[in-house]
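Worksheet: one structure, shown below.
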Amino acid sequence: MVVLEIRAGTLLGDTLAKLEGGVGAIMVASGMAAVDLVLSRLTPGDLVVAPHDCYGGTYRLLAARRDRGQFKLSYVDQGDEDALSAAFDRRPALVLIETPSNPLMRVVDIRAIADRAKAVGAKTAVDNTFLSPALQRPVALGADFVIHSTTKYLNGHSDVVGGAVIAADRADLDVLSDWANLTGVTGAPFDAYLTLRGLRTLFPRIERQQVTAFAVSKVLQADPRVRVVHYPGLNSHPGHATAKAQQAGFGAMLSFELVGGVAAVRRFLEALHIITLADSLGGVETLIAHPATMTHAGMGIEARHAAGIDDGLLRLSVGLEAEADLIADLKVGLAAADE
Ligand SMILES: *Cc1c(COP(=O)(O)O)cnc(C)c1O
């Protein structure tokens with residue numbers, strides 16, 4: 001029994017390491033624990049460079065650890081060349097990347113940033129939760145660590161909370177593995193067992209979901225009640241070319257801004273029947289989130305607006321429902337938003 005339980009975690013870690021092209025993986029209890037595990041390497045004086053529009057939980061975790069003096073921190077718009085150069089001049093120890101970013105789906109060039117990090121002796125960690133190794137493999141692009149919330153696409157069924165860190169280098173893996181044991185953040189065997197079941201269908205799930213996401217993005221883009229659609233698969237998306245070059249697909253996450261702001265958002269959400277309002281993402285069911293009041297509420301209004309997160313913005317995680325049903329639901333929502 002004990003042997004079997006231990007093996008589920010090992011099997012999952014080995015599988016993720018293979019999928020991501022790393023030397024090994026450490027399974028932890030949540031995506032946040034995975035982010036924190038990468039931070040465990042740092043000492044006071046070290047500088048972390050993080051995206052200014054990173055995942056809300058990561059944003060708060062970084063700020064909380066900085067406030068306790070555990071490292072220095074600089075939030076940077078990683079698509080802004082001047083800001084990025086200024087950050088590298090300060091010789092960071094760790095560069096965090098999220099691409100596409102949450103919730104604005106901004107795309108940055110992983111290889112370009114990882115190369116510059118290497119040149120100043122910094123490690124690069126990429127949070128690959130939004131795409132999974134089915135669509136993006138950061139180690140091949142020069143990343144030292146890949147972070148996952150396995151809660152999302154890897155498990156894919158919204159019934160497990162878990163995380164993983166995949167390392168490109170054996171010595172780095174050993175350091176994090178020791179630290180995970182010390183702090184007891186390692187994941188539970190039954191969660192690993194469930195996640196392995198989910199992982200078996202990762203590729204066909206995400207392939208189907210991204211086809212639907214593209215269709216949905218086209219419908220939203222053509223609608224006058226929508227100000228802008230952020231989906232890297234659209235030609236009009238500023239990161240389209242980079243996404244095409246470094247990703248194997250555009251994924252199933254998108255966001256869009258309603259013309260009518262918060263009032264329109266409320267009417268829109270109340271009218272939906274199929275799409276569920278929830279913080280999470282990457283499951284078989286389509287989930288919608290309102291970043292300003294949900295995932296990114298903790299950022300505070302100023303930081304949110306600086307990051308370009310408008311109050312009318314909605315984030316959609318496209319699931320496996322029939323495309324026609326989802327589009328019909330969105331159209332009902334849009335009609336209600338316009339009233
Ligand atoms: C959800 C998420 C996390 C945190 O994961 P949990 O498993 O919920 O702790 C971290 N990064 C990204 C990009 C996420 O979407």
Side-chain angles (χ1 to χ4, degrees), residues 12 16 20 25-39 48 50-65 75 78 94-108 110 124-136 138 143 145-166 180 183 185-188 191-192 194-195 198-199 202 206 209 230 232 247 251-255 278-283 285-291 294-299 307 309 314-319:
L12 177 59
L16 289 183
E20 287 286 3
I26 301 149
M27 301 309 303
V28 292
S30 68
M32 289 318 304
V35 176
D36 205 41
L37 184 60
V38 172
L39 303 178
V48 179
H52 73 318
D53 56 349
C54 63
Y55 177 72
T58 302
Y59 192 94
R60 276 178 287 140
L61 172 65
L62 289 166
R65 289 217 174 277
Y75 293 117
Q78 296 181 344
L94 176 70
V95 180
L96 277 178
I97 296 176
E98 272 180 40
T99 178
S101 74
N102 178 18
L104 289 169
M105 309 303 296
R106 292 193 176 116
V107 175
V108 296
I110 295 174
T124 303
V126 177
D127 188 329
N128 204 25
T129 299
F130 265 37
L131 289 177
S132 90
L135 300 182
Q136 179 166 271
F145 301 105
V146 181
I147 295 168
H148 275 288
S149 166
T150 57
T151 313
K152 316 291 170 54
Y153 284 101
L154 297 180
N155 176 61
H157 294 74
S158 309
D159 53 8
V160 171
V161 174
V165 180
I166 294 97
T183 53
V185 293
T186 39
D191 291 346
L194 280 177
T195 305
L199 192 58
L202 171 68
I206 208 157
Q209 287 168 338
H230 305 286
Q247 300 173 198
M253 296 297 302
L254 61 95
S255 61
D279 271 333
S280 197
L281 60 102
E285 58 288 282
T286 298
L287 300 177
I288 196 161
H290 182 226
M294 296 167 66
T295 50
H296 290 65
M299 260 175 99
I309 302 169
L314 288 162
R315 186 192 74 188
L316 200 62
S317 166
V318 177

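Atoms within each ligand, like the ligands themselves, are counted from 1 in listed order. Hydrogens, waters and symmetry mates play no part in the numbers below; they use all other heavy atoms, side chains included.
Checked against ring pair (Phe, Tyr, Trp, His ring centres under 6.0 Å), Tyr59 has the following partners two or more places apart in sequence or in another chain: Tyr75. Qualifying side chain to side chain contact (heavy atoms under 4.5 Å, CB included) partners for Ser158, counting only residues two or more places apart in sequence or in other chains: Glu285.
Residues lining ligand 1 at a heavy-atom distance below 4.0 Å are given as Ser30, Gly31, Met32, Tyr55, Asp127, Thr129, Phe130, Ser149, Thr151, Lys152, Gly162, Leu281, ordered by chain and residue number.
Atom-to-atom distance recorded for Leu154:CG and Leu202:CG is 6.0 Å, nearest 0.5 angstrom.
Listed by first and then second residue, the salt bridge (charged side-chain N to carboxylate O under 4.0 Å, His left out) pairs that reach into residues 27-37 are Asp36-Arg65, sequence neighbours excluded.
In this structure, the side chains of Ile206 and Ser132 come closer than 4.5 Å at one or more pairs of heavy atoms.
Minimum interatomic distance between Glu20 and Pro133 (heavy atoms only, all atoms of both residues): OE2-CD, 3.3 Å.
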